Amino acid sequence: MVELTGFRALVTGGGSGIGRAIALGACAAGAKVLVTGRRSAALDETVRSASGPGEMIALTADVTKLSSVAALVERCANLLGGIDGLVNAAGVHSIGVSSELEDDELERVLQTNLIGAFRVTRGVGKLMLEAGSGSIVEIASLSSFGGFPGRLAYTVSKAAVVGMTT
């Protein structure tokens, strides 16, 4: 396992799935991790499941809201004493027939998966540029590279994350 003692990480979408697994692994490797998401109960469960030499803090935030992202980045930097790493794992799915995809559903998925990731990356990226170091990981999907039936909004959002990252 990689040694992460002293590493300070922000993980969005840390209440479930890939974000939760990454947060737990980083904590087990010694990192100080702040997990965030919209569901406080899920975040609390992630914190209770943490083990190892690291520390974990939960903070509820909604990446679709600009004011929530600004407060998240500021509080995270203050609580951790800086941010060395960011993992953007917050995401939502949408399943349905592409020809019936409604604008509001497309916007919901794009707001979380793309715009939310962009906003968090922009905020944390500024701090990393000032500090002269840092690492950012954006969680995309296999569907970023070729569509999956019934997942147009998700595929478009994750392909855009790849474009934002490369």
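Just so you know, these numbers use all the heavy atoms, side chains as well, and skip hydrogens, waters and symmetry mates. Quick caveat: nothing in here was measured; it's all calculated off a predicted structure. Position 1 is the first residue of the sequence; numbering continues from there.
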- [ ] Report the distance from atom CG of L86 to atom CG of L127, rounding to the nearest 0.5 Å.
- [x] 10.5 Å
Open item on the list: Quick check for you: to the nearest 0.5 Å, what is the distance between T12 atom OG1 and L10 atom CG?
Closed with: 6.5 Å
Verify same cluster id: [X], [Y] (apolar side-chain graph, 4.5 Å):
X: F7; Y: V2; answer: yes
X: V124; Y: L80; answer: yes
X: L4; Y: I22; answer: no

What residue pairs, at least two apart or across chains, pass ring-ring contact (aromatic ring centres under 6.0 Å, His included) with a residue in [range]?
range: residues 28-81; result: none
range: residues 111-147; result: none
range: residues 73-92; result: none

Donor-acceptor pairs under 3.5 angstrom involving side-chain atoms of residues 99-107: please list them, not counting sequence neighbours.
from, atom 1, to, atom 2, distance (Å)
E105, OE1, R108, NE, 3.0
E105, OE2, S94, OG, 2.8
E105, OE2, R108, NH2, 2.8

Is there a side-chain contact between [X] and [Y], using heavy atoms and a 4.5 Å cut-off?
X: T60; Y: L43; value: yes
X: R8; Y: I83; value: no
X: V87; Y: I18; value: no

Residues 31-40 side chain polar contacts: donor-acceptor under 3.5 Å, at least two apart:
from, atom 1, to, atom 2, distance (Å)
K32, NZ, L79, O, 3.4
T36, OG1, L59, O, 2.6
R39, NH2, S16, OG, 3.3

If every non-hydrogen atom of [X] is compared with every non-hydrogen atom of [Y], which pair is closest and at what distance?
X: P53; Y: G30; result: CG-CA, 3.7 Å
X: G14; Y: T46; result: O-OG1, 2.9 Å
X: G15; Y: A42; result: O-CB, 3.6 Å
X: G134; Y: M128; result: CA-SD, 3.6 Å

Task: Counterpart residues, side chain to side chain donor-acceptor pair (under 3.5 Å), relative to Q111 (two or more places apart) - done: none
Task: S133: side chain to side chain donor-acceptor pair (under 3.5 Å) partners, not counting sequence neighbours - done: none
Open item on the list: Under the salt bridge (Lys or Arg N to Asp or Glu O under 4.0 Å) definition, can you give me all pairs with a residue in residues 118-143, not counting sequence neighbours?
Closed with: none
TODO: Go through the structure and list residues passing side-chain contact (heavy atoms from CB on, under 4.5 Å) with E45, not counting sequence neighbours.
DONE: R20, R48, S49
Open item on the list: Whether the T121 and N88 side chains hold a donor-acceptor pair (N or O, under 3.5 Å, no angle test) is what I'd like checked.
Closed with: yes
Task: Remaining members of hydrophobic cluster (4.5 Å side-chain criterion), V109 - done: V92
Identify every side-chain donor-acceptor pair in residues 67-77 under 3.5 Å, counting partners at least two apart or on other chains, and give the distances.
from, atom 1, to, atom 2, distance (Å)
S68, OG, D62, N, 2.9
S68, OG, D62, O, 3.4

Ignoring hydrogens and angles, write down the donor-acceptor pairs under 3.5 Å from the side chains of residues 155-165, residues two or more places apart or on other chains.
from, atom 1, to, atom 2, distance (Å)
T155, OG1, R151, O, 2.9
S157, OG, N113, ND2, 3.0
S157, OG, A153, O, 3.4
S157, OG, Y154, O, 2.8
K158, NZ, I139, O, 2.8
T165, OG1, V161, O, 2.7

